[in-house]
**Q** 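Quick one: structure below, then a few questions.
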Amino acid sequence: MTTSQPRDSDGVVIALARAPHGLGGYLGFRSTSFAKFDDLIEALTEYRAVVVVAAYPIVVRALTKTLTSKYDDPTVIAIDEGGSFVTVLAGAHHGGEQLAVRIANFLGATPILTTASRVSDRIALDQAPLIKLDRVKAELQARLNHGVGLTIVNPTMLALPQSVLALEHQGPDPVKLVISDRVCDQELGDARGVLPTLTVGVGCSSDASCDEVRELIATTLEETGLDPAAVDRVATIERRVHHRALSDLHQEIVGFTPEQLDTVPIPTPSEVVHHSVGTRSVAEAAALLASGDKAELVVAKVKSQKVTVAVARRNRLRGSLTVVGIGPGSLDLLTLRALGALRSAQYLVGFKRYLELLEPVIERGQVVKPYAIGQETERVLESISLASDGNRVALVTSGDPAVYAMAQLVIERLPINLDVRIVPGVTAAYAASAATGAIVGHDHVMISLSDLLTPWSAIEARVEAAAQADFVIALYNPRSKQRTWQLEKALAIIGQYRRSTTPVLIASRVERPGASTSITTLEEFDIEVVDMETIVIVGASTTAFNQGYLYTPRGYQGAR
Ligand code: SAH
């Protein structure tokens, strides 16, 4: 029978010359250099995991003197002195390959993985971070080795490292592997891999004990369903880093100055804490600060007598919201950027008619959320909420997203923590102008005649100012079934400043089925042909025709 002798120490990075900077800290290992061969021998007998930076023959020679059995041997990773290759020389199945991959990722080196499941290009569950080797896992590995597929379930939308994503594998009867940091997610699949995502922030008084800290962390995690195995560091105020209450936890500890902590926006600031240590928050701020700029606070401050604890999560996949202008209608006026944004979205939200126009570019698997006319706020709120849940969302608008459309509303309603991207589009005025020449060829303004969101007095004042200043005037939303008199009123105002023979472009359904354009004059204008899908563009005093094209000269030739 073989018994397994527990080794005293966790891990060491030992280097012939110099360990790659920061590797020890990154792994949570001690870092040391060795002068004598005996130092290496000692490390190989003492530690559970040894990362050696040296020429491989030296390591192999040391191993021949120290290896005893598969069960007792440490995990031994060797890195060449150039830092190019990382390989596992012993203990591959104790998470050795996973460790090698982590180190290789850190160094930008190539991991050399040689165990059976790798060689046959089957899936090695060891590659997934931190799945403890247990019976379930061994069974799963056996199934995988028989060629079944593997699907990853990611219920909390974590940003999964490449080494985990690479486990996904098409095949019959796929194993469902849940990757998460919550115990309750176990039920969503056949096995669960724990991704280290959590930092526990701890604040404590000077007479707090490690037992109290440990107890509060344990109950907090238990009550919130978070997995203790997903916690890979503790964060606190600098002056507590070496306090026994924390150092006895045997976790990686990160400390911050009161000034650093005080820069972090947190939900429950405390003036009492500020008074005594110079920052309004220790636990919450430290947890967030140690988790980088995409952190989210998953447990706000919890207190026992002398200890406070908070938990932050990093690695959450952030959703994205792109407001995409699709142009006036025809798909060949969709920009490549807009097409890219549409293609990469999981959800497409927008007015039903525009989504119909997009049908040829919508791909299988994309979820379409059509809305009726109006409902702008609903569309925006649904897009924001889908994106906040970690999804990639495209909110579709016609023309340009900022021209009487939804980009502004999105920005107004944007929660912190969500990035938004606006993709411009060809607006109706430019498409209409181009269809008949270049009426917008000199200074022009866009005015919406809709008085639903703007008082008519303001619209009227702008129309008058534009007319007076001899701008080309593009009138959006000129007329609808409910708004019938505004257009006539606007044209009358413009008529006070322009000749009655001034050309006016009436363009309906530009670049859409049933498109029509007509050119008339201020005096001959027929209101009845104008509807919701029409844009009216009134020329300036210089607007003219040449060979049938309507244009406003810029003044290069025959400039007055
Ligand atoms: N964001 C859009 C405008 C939305 S406001 C853009 O940049 O084009 C809606 C108004 O735009 C309509 O009432 C109409 O006046 C004009 N419009 C939009 N698309 C049009 C089209 N294809 N043809 C004519 N007018 C259009």
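Indexing begins at 1, ligand by ligand and atom by atom, following the structure's order. Computed from a predicted structure; not experimentally measured.
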**Q** Which is closest to atom 9 (C) of ligand 1 in terms of heavy atoms, Asp400, Asn477, Ile506?
**A** Asn477
**Q** Would you please determine whether Met532 falls within less than 4.0 Å of ligand 1 on a heavy-atom basis?
**A** yes
**Q** For ligand 1, which part of Ala405 has a heavy atom less than 4.0 Å away: the side chain, the backbone, both, or neither?
**A** side chain
**Q** Please determine, by modelled atom types, if Ser383 and Tyr347 share a side-chain donor-acceptor pair under 3.5 angstrom.
**A** no
**Q** Hey, which atoms in ligand 1 end up nearer than 4.0 Å to a heavy atom of Ser398?
**A** 1 (N), 2 (C), 6 (C), 7 (O)
**Q** Looking at Ser450, is its backbone amide N or carbonyl O close enough to the side chain of Ser448 to form a donor-acceptor pair, meaning the two atoms are under 3.5 Å apart?
**A** yes
**Q** Under 3.5 Å between some N or O of ligand 1 and some N or O of Tyr476?
**A** no
**Q** Within a distance under 4.0 Å of any heavy atom of Ala507, pick out the atoms of ligand 1 and give their elements.
**A** 24 (C)
**Q** Can you find an N/O atom of Val510 closer than 3.5 Å to an N/O atom of ligand 1?
**A** yes
**Q** Do ligand 1 and Ala428 have nitrogen or oxygen atoms that lie under 3.5 Å from each other?
**A** yes
**Q** Just to confirm my output: which protein heavy-atom neighbour is closest to atom 19 (N) of ligand 1, and how far is it?
**A** Arg512 NH2, 3.2 Å
**Q** If the cut-off is 4.0 Å to any non-hydrogen atom of Glu533, which atoms of ligand 1 fall inside it?
**A** 23 (N), 24 (C), 25 (N)
**Q** Could you give me the CA-CA distance, side-chain angles and deciding distance for Arg512 and Val510, then say whether side-chain contact (heavy atoms from CB on, under 4.5 Å) is met?
**A** CA-CA 5 Å; Arg512 292 182 191 170; Val510 178; over 6 Å; no
**Q** Nearest protein heavy-atom contact for atom 1 (N) of ligand 1: which residue, which atom, what distance?
**A** Val403 O, 2.7 Å
**Q** Between Asp531 and Arg479, is the closest basic N to carboxylate O distance under 4.0 Å?
**A** no
**Q** Under 6.0 Å between ring centres, would you say that holds for His444 and Tyr430?
**A** yes
**Q** Using distance alone, decide if ligand 1 has a nitrogen or oxygen within less than 3.5 Å of any nitrogen or oxygen in Tyr404.
**A** no
**Q** Assess the residue pair Ile439 and Val472 against the criterion (side-chain contact (heavy atoms from CB on, under 4.5 Å)); give the C-alpha distance rounded to whole Å, side-chain angles, the decisive distance to 0.1 Å, and a yes or no.
**A** CA-CA 8 Å; Ile439 190 173; Val472 172; 4.2 Å; yes
**Q** Are side-chain N/O atoms of Ser180 and Asp185 paired as donor and acceptor at under 3.5 Å?
**A** yes
**Q** Does Arg314 pair with Asp181 as a salt bridge, N-O distance under 4.0 Å?
**A** no
**Q** List ligand 1 atoms under 4.0 Å from Thr427, heavy atoms only on the residue side.
**A** 6 (C), 7 (O), 8 (O)
**Q** Considering Thr534, Leu475, Thr517, Asp531, which one's heavy-atom position lies nearest to atom 14 (C) of ligand 1?
**A** Thr534
**Q** So is Gly329 touching ligand 1 or not, going by heavy atoms under 4.0 Å?
**A** no
**Q** Does Ala402 offer a backbone N or O that forms a donor-acceptor pair with the side chain of Gln408 under 3.5 Å?
**A** yes
**Q** For Val282 and Ile237, work out which heavy atoms get closest and say how close.
**A** CG1-N, 3.7 Å
**Q** Closer than 4.0 Å to some heavy atom of Pro328 - which atoms of ligand 1 meet that?
**A** 22 (N)
**Q** Does the ring centre of Phe351 sit less than 6.0 Å away from the ring centre of Tyr371?
**A** no
**Q** Look at ligand 1 and say whether Thr397 reaches it with a heavy atom at a distance under 4.0 Å.
**A** no
**Q** Show the atoms of ligand 1 that are less than 4.0 angstrom away from any heavy atom in Pro478.
**A** 15 (O)
